[in-house]
Protein chains: 2
Amino acid sequence: MKVLIEDIRNKFSLKGLKITPQRVVILEAIYKLNNHPTADNIIEYIRELQPNIATGTVYKVLDTLVENGLIKKVTTDKDVMRYDGIIENHHHLYCSECDLIEDYKDEELDKLLHNHFKNKKIEGFKIEDIVLQIRGTFNKC
Amino acid sequence: MKVLIEDIRNKFSLKGLKITPQRVVILEAIYKLNNHPTADNIIEYIRELQPNIATGTVYKVLDTLVENGLIKKVTTDKDVMRYDGIIENHHHLYCSECDLIEDYKDEELDKLLHNHFKNKKIEGFKIEDIVLQIRGTFNKC
DNA sequence: TTCTTATTAAAGAATAATTCTCATTAAGGA
DNA sequence: TCCTTAATGAGAATTATTCTTTAATAAGAA
């Protein structure tokens, strides 16, 4: 994935966030490490560029990015949080054999869901968004 | 929810698991504490009946129950695991305002999904099951 | 450009959830 | 009932994450 630093800086500006080297390098890492990295994956990756970045800083920055809608958390049944740089609505393929989580986009499916819930309201609940967790196995696994 | 101890003992027998008071009381707790309890919720609940149960035992038993398909893990974006005593396929309503997670069953939806993915295969991936994470807010929250 | 100030980061201690180790106990078959 | 093996208790250890304090720095103002 081609990641332009200038784009990243812009995103921070638009949200009124200060542009710090730590923030830039962390968001860049999430974009480059496609497959839903953990905080630890990110730390390992950026140590090369920013050897002195503090662990606490990474967690703090990740929180800030989530709060400002620049990244999302990915839910798993493990006790390590994973992050997603793609904020447009999409679904996830979870592998039963390994820790791989792949993105799955399907407009037809989204239309189907949209229609279904347009007609069928859920009593006492207002839907904000829907993410499918599709569990299965990749051929390669 | 009415929970019969005899049913619980049967479930263990069917899986070839030894019937211990700890296992019985933990599975019973999960059935009674409807809303997807954490390990801590369970410990707190069962301390009344089994004051000496060890924390490690609870986690061990929960693992065993999951491995044997008697309960499921519920994924969240928090770092505490939650458990679900309902093993039949169903979906979840996640509240944005609080920690409430409610079950959502919808056969019509399941048929829709089944049809959709019968026609539209995902390249290189074999689907085992699909859970919808429906995020939104409950009126009461 | 330099100054000012609030915000952010570093460092490492603290916490919380979960796992591990090992001695003890108990379930279930013989 | 006894024996074997698996499960539990107790608490230490680990791991991911958060918190606290102090020092550094980004960004707007002068």
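Predicted model, so just to flag it, every value in this text is computed and none were measured.
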> Okay, side chain of B:Asp106, backbone of B:Glu108: is any donor-acceptor separation there less than 3.5 Å?
Replying inline: yes

> Hey, does the side chain of B:Asp77 reach the backbone of A:Val74 with a donor-acceptor pair shorter than 3.5 angstrom?
Replying inline: no

> Between the side chains of A:His92 and A:Asp103, does any donor sit under 3.5 Å from an acceptor?
Replying inline: yes

> Can you find a side-chain donor-acceptor pair between A:Asn41 and A:Thr38 that sits under 3.5 Å?
Replying inline: yes

> Ion pair present between A:Lys111 and A:Glu107, side-chain N to carboxylate O less than 4.0 angstrom?
Replying inline: no

> Is it true that B:Lys11 and B:Glu28 make a salt bridge, defined as a side-chain N closer than 4.0 Å to a carboxylate O?
Replying inline: no

> Using a cut-off of 4.0 Å on non-hydrogen atoms, how would the nucleic acid contact of B:Asp40 be classed: base, sugar-phosphate, or nothing?
Replying inline: nothing

Could you give the [atom1]-to-[atom2] distance, from [X] to [N], as a whole number of Å?
X       : N      : atom1 : atom2 : value
A:Lys15 : D:dA27 : NZ    : C1'   : 20 Å
B:Lys78 : C:dA17 : NZ    : P     : 12 Å
B:Phe12 : C:dA27 : CZ    : C1'   : 13 Å
A:Met81 : D:dT17 : CE    : C1'   : 10 Å
A:Asp79 : C:dC20 : CG    : P     : 11 Å
B:Ile43 : C:dA17 : CD1   : C1'   : 10 Å
B:Asn52 : C:dT24 : CG    : P     : 17 Å
B:Gln50 : D:dT8  : CD    : P     : 10 Å

>> Would you call the rings of B:His90 and B:His36 parallel, tilted or perpendicular, taking 30° and 60° as the class edges?
In response: parallel

> Does the side chain of A:Thr20 get closer than 4.0 angstrom to OP1 or OP2 of C:dA9 through an N or O atom?
Replying inline: yes

>> Please determine whether a side-chain nitrogen or oxygen atom of B:Gln22 lies at a distance below 4.0 Å from atom OP1 or OP2 of D:dG9.
In response: yes

> Of all of residues 56-70 of chain B, which get a heavy atom below 4.0 angstrom from DNA chain D, listed by number?
Replying inline: B:Thr57, B:Val61

> Between A:Leu17 and B:Val80, which has a closest nucleotide on DNA chain C that is more 5'?
Replying inline: A:Leu17

>> Given C:dA11, D:dG9, D:dA7, identify the nucleotide with an atom nearest to the side chain of A:Ala54.
In response: C:dA11

> To the side chain of B:Lys18, which of C:dT18, C:dA27, C:dT8 is closest?
Replying inline: C:dA27

